[in-house]
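As structure tokens, the structure follows; a few thoughts come after it.
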Amino acid sequence: MPNLNTAQESNSRLTYQAQEEQLNQFAERYIKLVLAVGQHDCYYVDAYYGPVQWRKDTFWQPLSELQAQHQAGTEWLSVLAAQIIAADLKLRYQFLKTQWHSIAAYLTILQGSQLSFTAEAEALYDCKLPPYSLAEHQQVLIEIDALLPGEGALSDRYNEFKAQFIVPKDKAAAVFTASVNIARKLTSKHMDLPVEESFEIEYVNDKVWTAYNWYKGDAHSLIQLNQDQPLGIERYLELASHEGYPGHHVFNVLQEQRLVKAKQWLEYAIYPLYSPISYLSEGSANYALSLIMTDAEVLEFERDVLMPLAGLEGDLALFHQVLKQVKKLSYYENHVNQCLTDKLIDTEMAESMLIEGALYPQARAKQRVRFFERNRSYVINYNVGEDAVAAWVETKAQTTADKWTRFEALLSRPLNASALKLND
């Protein structure tokens with residue numbers, strides 16, 4: 001007589017395998033469509049390390065054809081919804097579904113449709129924006145004003161005060177290397193990274209961003225640091241943790257190791273920039289520094305290591321008091337970008353608002369507005385995303401070890417904005 005339990009287990013495995021094969025087939029369709037959309041926007045595909053042949057086979061197709069392919073895929077998704085019953089595959093299906101729907105929104109944008117800032121944030125990044133109060137912004141400016149010495153316009157006083165903490169360009173490489181090394185060391189104490197993981201650093205110019213991680217696959221990243229604008233001493237640890245450890249580099253390494261290679265879930269081998277995964281990618285990268293160092297440890301490392309490397313002196317403790325308040329102005333930047341995107345103001349007014357309300361120097365304000373124009377609602381992923389990641393990681397964490405466990409789990413199996421809110 002056959003073993004009934006064994007037969008049931010075999011049928012269950014076959015059912016699971018059939019479900020997984022359906023998702024594998026859809027993942028191929030997803031990747032090939034993302035690659036095709038990337039033919040219309042060179043910024044869209046941020047990273048790809050899937051099958052080489054799929055990229056070679058990608059050719060330029062009219063947007064109308066890509067829309068037809070997307071519609072056919074959407075119909076297939078609706079069929080899959082009833083077929084995917086395994087718990088972990090439901091999460092995989094949900095990731096693919098959310099990513100897939102964002103492609104439709106981007107296709108309409110490529111064809112000239114103009115979404116509002118808030119509509120775009122939800123369509124591309126699955127993010128419903130929280131309300132913002134300009135009254136809170138004014139209160140932050142009052143608090144910064146009370147901390148800063150001198151007289152005159154607040155923006156001028158802030159940038160004069162900050163000038164003593166600007167790293168000379170000829171010291172940038174040493175300061176950034178030291179920052180990346182400590183971030184890597186601290187991350188390695190809590191995460192088992194593959195022995196072959198590596199990165200290289202390049203110093204570049206003429207970019208709308210400050211730094212960028214280009215993930216190349218095989219646990220390797222190229223990290224670029226833009227030298228257009230001088231950077232304060234505080235930015236080096238922020239960027240080292242954001243672009244490197246445990247930020248973008250680690251995020252991509254874990255996905256490649258645990259999802260792409262271990263499970264053959266190839267949808268994680270491609271990163272469409274203007275899609276829901278950026279909410280977690282940027283949010284977790286912005287949260288990264290607070291995970292590896294306390295505020296006191298950041299101050300100590302900058303004072304004892306980075307300031308001497310940069311040849312700087314100054315009241316670093318006061319500087320960090322001011323910076324803590326300045327960080328709160330990031331939501332005001334969202335507001336400025338929203339006004340610009342929704343055509344309520346022009347670029348000149350946006351620059352002026354950043355100078356007066358976000359305390360930017362003029363050159364940096366111009367660069368930031370160029371970033372807004374290029375990326376529109378993408379900026380919400382940094383601050384709204386960071387707050388969501390922090391809430392998800394810390395709400396159920398009792399210890400530092402708990403935080404690292406939850407953070408690693410989140411990076412190893414990404415959740416979109418909706419799922420983060422449901423699972424916090």
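Every heavy atom of this structure was used, including side-chain atoms; hydrogens, water molecules and symmetry mates were not.
For Q114, the side chain to side chain contact (heavy atoms under 4.5 Å, CB included) test picks out R376, with sequence neighbours left out. Every side chain to side chain contact (heavy atoms under 4.5 Å, CB included) that T74 has, sequence neighbours left out, goes to H70, W100, H101. Shown here are the ring-ring contact (aromatic ring centres under 6.0 Å, His included) partners of H220, two or more places apart in sequence or in another chain: there are none. Residues satisfying the side chain to side chain contact (heavy atoms under 4.5 Å, CB included) test with T399, not counting sequence neighbours, are A401, D402. For W54, there are no ring-ring contact (aromatic ring centres under 6.0 Å, His included) partners at least two apart in sequence or on another chain. Residues forming a salt bridge (Lys or Arg N to Asp or Glu O under 4.0 Å) with E234 (at least two apart in sequence, or on another chain): K162. Here E282 pairs with nothing under the salt bridge (Lys or Arg N to Asp or Glu O under 4.0 Å) rule; sequence neighbours left out. The side chain to side chain contact (heavy atoms under 4.5 Å, CB included) search around P230 returns I166, not counting sequence neighbours. In this structure R364 satisfies the salt bridge (Lys or Arg N to Asp or Glu O under 4.0 Å) test with no other residue, sequence neighbours excluded. Residues passing the ring-ring contact (aromatic ring centres under 6.0 Å, His included) test with H137 are Y332, sequence neighbours excluded. A search for salt bridge (Lys or Arg N to Asp or Glu O under 4.0 Å) contacts involving E333 returns R368, not counting sequence neighbours.
Note on K216 versus E200: no salt bridge recorded, every NZ/NE/NH1/NH2 to OD/OE distance being 4.0 Å or above. At a threshold of 4.0 Å, the pair R370-E373 does not count as salt-bridged, since none of the basic side-chain nitrogens sits closer than that to a carboxylate oxygen. Under a 4.0 Å N-O distance rule, the pair E143/K324 does not qualify as a salt bridge. Salt-bridge check for D218 with K261: passed, with a basic side-chain N closer than 4.0 Å to an acidic carboxylate O. Between E267 and R92 a salt bridge is recorded (basic side-chain N to carboxylate O distance below 4.0 Å).
Taking CG of L411 as the reference point, atom CZ of R406 lies at 13.0 Å (rounded to 0.5 Å). The CZ atom of R184 sits 15.0 Å away from atom OG of S241, with the distance rounded to the nearest 0.5 Å.
Put simply, the residue from F251, Y49, F199 that forms a ring pair (Phe, Tyr, Trp, His ring centres under 6.0 Å) with Y215 is Y49. Each of Q67, Q71, E65 was checked for a side chain to side chain donor-acceptor pair (under 3.5 Å) with Q69, and the lone residue meeting it is E65.
Checked by atom type, the side-chain pair T98/N416 shows a donor-acceptor distance below 3.5 Å. A donor-acceptor contact closer than 3.5 angstrom links the side chains of S221 and N213. The closest side-chain donor-acceptor pair between Y30 and Q99 falls under 3.5 angstrom. Of the N and O atoms on the side chains of D295 and H320, not one donor lies less than 3.5 Å from an acceptor on the other residue. Between the side chains of Y271 and S278, at least one donor N or O lies within less than 3.5 Å of an accepting N or O. No donor-acceptor contact under 3.5 angstrom links the side chains of K97 and Q94, judged on distance only. No hydrogens or angles considered: nothing links the side chains of N205 and N226 as a donor-acceptor pair under 3.5 Å. At a cut-off of 3.5 Å, with distance as the only test, no side-chain donor of E408 or H190 sits close to an acceptor on the other residue. In this structure, a donor-acceptor pair under 3.5 Å is present between the side chains of E20 and W265. One side chain, Y16 or D88, offers a donor N or O that lies under 3.5 Å from an acceptor on the other. For Q83 and Y93, the side-chain atoms include no donor-acceptor pair closer than 3.5 Å.
At distances below 3.5 Å, at least one donor-acceptor pair connects side-chain atoms of E120 with backbone N or O atoms of S377. Within the 3.5 Å criterion, the main-chain N or O of I355 finds a donor-acceptor partner in the side chain of S155. Listed for the Q19 side chain is a donor-acceptor partner under 3.5 Å among the backbone atoms of A86.
Of all heavy-atom pairs spanning V384 and C127, the tightest one is CG1-SG, 3.8 Å. What you find for A285 and H248 is that their closest heavy atoms are CB-CE1, 3.7 Å. Minimum heavy-atom separation, P308 to R303: CD-O, 3.3 Å. Of all the heavy atoms in L115 and I109, the pair that sits closest is CD1-CD1, 4.3 Å. Scanning all heavy atoms of the two residues, the minimum distance from N334 to F117 falls at O-CZ, 3.9 Å. The two residues I223 and G244 have their closest heavy-atom pair at CD1-CA, 4.1 Å.
Residue pairs meeting the ring-ring contact (aromatic ring centres under 6.0 Å, His included) criterion with at least one partner in residues 289-309, sequence neighbours excluded, do not occur; the list is empty.
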side-chain hydrogen bond (donor to acceptor under 3.5 Å, both in side chains) between S418 and D126: does it pass, once the steps are laid out?
-> CA-CA 7 Å; S418 296; D126 186 45; 2.9 Å; yes
Pair R374-D41, salt bridge (Lys or Arg N to Asp or Glu O under 4.0 Å): steps then yes or no = CA-CA 11 Å; R374 170 62 229 176; D41 181 355; 3.0 Å; yes
From CA spacing to verdict: side chain to side chain contact (heavy atoms under 4.5 Å, CB included), L306, L237 | CA-CA 9 Å; L306 299 187; L237 278 174; 4.1 Å; yes
ring-ring contact (aromatic ring centres under 6.0 Å, His included) evaluation trace for Y331 with H335 = CA-CA 6 Å; Y331 274 84; H335 169 70; over 10 Å; no
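L316 is listed as a side-chain neighbour of I233, based on a closest heavy-atom distance under 4.5 Å. Contact annotation: the side chain of V45 approaches that of I270 to within less than 4.5 Å [non-hydrogen atoms, C-beta and beyond]. Under the 4.5 Å side-chain criterion, counting only non-hydrogen atoms from C-beta, R29 is not in contact with Q25. At least one side-chain heavy atom of L66 sits less than 4.5 Å from a side-chain heavy atom of L33.
The environment of E313 atom CD is sparse: at most 12 non-hydrogen atoms of other residues, nucleotides or ligands sit within 6.0 angstrom.
Ring centroids of Y268 and F95 are separated by less than 6.0 Å, placing the two rings close together. Aromatic rings from W76 and F26 are positioned such that their centres are separated by under 6.0 Å. Within the 6.0 Å centre-distance limit, the rings of F319 and F165 are counted as a close aromatic pair. Ring to ring, H40 and Y44 are not that close: their centroids are 6.0 angstrom or more apart.
The aromatic rings of Y106 and Y274 sit parallel to each other, their planes meeting at less than 30°, with 60° as the upper class boundary.
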